[in-house]
Amino acid sequence: YSIILTNRLNMHDLIYGAASAVGVSPDTCGGHISIPGVAVKGWMPRPDFILWDYGPCDNSAQAGEFLMSLFGVPGYFIDRPYRFVDEEIRYYVKQYKELIDILEELTQQPIDWEKVKERMKLAAEMAGVRKEFIELRHATPSPASVGVGINHFLIGGLIAGSTQEGLDYYRLIRDEWSNLVKQGKGYAHEKYRLMFVGLPDLYVDAFDNWMQLEHGISVVSGPTINFREDWEPDFTRTLESLARSYRVHI
């Protein structure tokens, strides 16, 4: 939400300025400048609880602490493991159990395991469809715009992840690209194929689109648009299965 406000509505000066005024360094990841900036501007509803994890940017680990302090609410940081080994999966599961205890006490409601299973099924199906349209992206010419990589990361991965709406959105991308590939059509006249080594440059997406339309670049690989392993939920070990799903989601 914060990144969309900043970039899609071109509010960089307002939001980055607000973040800078409370001491956020301009060297910080663009997404983590947007979050405190939007909060300070008063454009973020006051939450009851802050939940965040360790993402691709180092400063993710402290992103939630600022919001906890600003709003005066409790929170929990999930230290997502770096390696995909059994010991770290157990560490990840232990944190899920701690989080569940905290939320059940806070809400005075038990966790709805049937709803958890329903969302895990949707997440697995989304991962499969995502893998299909990423494969389509590799066609020559590519049916994908540069900007769509960050769009499906934001919409499908962060905003509508594990929902029917997110699944419908992913299917829409897959079907649209499939039709373009069958017709031998691309988003733009392609001259160069690029790979993003890091996350897309969220703050200058207009430059990327200009490079694609005017100079024929096509981005076909990167952190938000590469393959993940297949994942099938295992409800005999629900939390462990959920922990292992991080390999198929950004």
Side-chain angles (χ1 to χ4, degrees), residues 1-4 19 22-25 28-124 126-127 153-163 166 199 223 231 233-235 237-250:
Y1 168 73
S2 303
I3 295 171
I4 289 172
V22 294
V24 178
S25 169
T28 304
C29 156
H32 291 106
I33 298 178
S34 299
I35 294 168
V38 168
V40 169
K41 293 294 290 183
W43 297 340
M44 185 182 293
R46 186 181 186 278
D48 296 308
F49 188 81
I50 303 293
L51 173 65
W52 76 107
D53 76 349
Y54 187 79
C57 309
D58 289 342
N59 45 279
S60 298
Q62 292 188 314
E65 292 183 7
F66 175 85
L67 298 178
M68 288 174 60
S69 176
L70 178 68
F71 291 111
V73 297
Y76 188 86
F77 169 62
I78 294 183
D79 185 19
R80 187 168 63 172
Y82 179 75
R83 297 179 302 156
F84 192 66
V85 296
D86 289 345
E87 182 181 0
E88 296 198 5
I89 291 297
R90 288 194 294 269
Y91 171 64
Y92 205 14
V93 169
K94 179 182 177 183
Q95 293 177 80
Y96 277 146
K97 291 178 178 177
E98 290 176 352
L99 174 62
I100 290 169
D101 289 343
I102 291 170
L103 292 178
E104 287 184 334
E105 182 178 353
L106 180 69
T107 63
Q108 293 299 296
Q109 295 287 337
I111 189 170
D112 185 339
W113 287 106
E114 290 306 310
K115 185 170 288 187
V116 171
K117 293 175 182 178
E118 175 188 324
R119 292 304 180 96
M120 288 173 68
K121 290 176 182 176
L122 284 166
M126 284 184 69
F153 164 60
L154 290 172
I155 297 171
L158 299 183
I159 297 175
S162 307
T163 66
L199 288 171
W231 169 68
D234 178 0
F235 297 125
R237 298 179 297 176
T238 302
L239 285 182
E240 180 181 333
S241 180
L242 183 63
R244 292 185 181 279
S245 75
Y246 84 87
R247 284 291 292 266
V248 299
H249 301 289
I250 186 70

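Keep in mind that the numbers below use all heavy atoms, side chains included, and drop hydrogens, waters and symmetry copies.
Here the closest heavy-atom approach between residue Arg119 and residue Thr163 is recorded as NH1-CG2, 3.7 Å.
Annotation: side chain of Met68 is not in contact with side chain of Phe77 (no heavy-atom distance under 4.5 Å). Using a 4.5 Å cut-off on side-chain heavy atoms (C-beta onward), Glu65 and Trp52 make contact.
Under a 3.5 Å cut-off, the side chain of Ser69 and the backbone N or O of Phe66 do not form any donor-acceptor pair. Between the side chain of Glu240 and the main chain of Ile89, no donor-acceptor pair closer than 3.5 Å is present. Of the possible polar contacts, one joining the Ser245 side chain to the Leu242 backbone as a donor-acceptor pair under 3.5 Å is found.
Atom CG of Asp53 sits about 11.0 Å away from atom CG of Leu99, to the nearest 0.5 Å. Atom NE2 of His32 and atom OG of Ser60 lie 3.5 Å apart (nearest 0.5 Å). Here the CE atom belonging to Met120 is positioned 8.0 Å from the CG atom belonging to Leu239, to the nearest 0.5 angstrom.
Sorted by first and then second residue, the side-chain hydrogen bond (donor to acceptor under 3.5 Å, both in side chains) pairs with a member in residues 97-117 read Tyr76-Glu98; sequence neighbours excluded.
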Less than 3.5 Å apart, which donor and acceptor atoms pair up between the side chains of residues 33-49 and the rest of the protein, not counting sequence neighbours?
from	atom 1	to	atom 2	distance (Å)
Ser34	OG	Thr6	OG1	2.9
Ser34	OG	Gly30	O	3.1
Arg46	NH2	Phe71	O	2.9

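Not counting sequence neighbours, the partners of Asp79 by the side chain to side chain donor-acceptor pair (under 3.5 Å) test are Tyr91.
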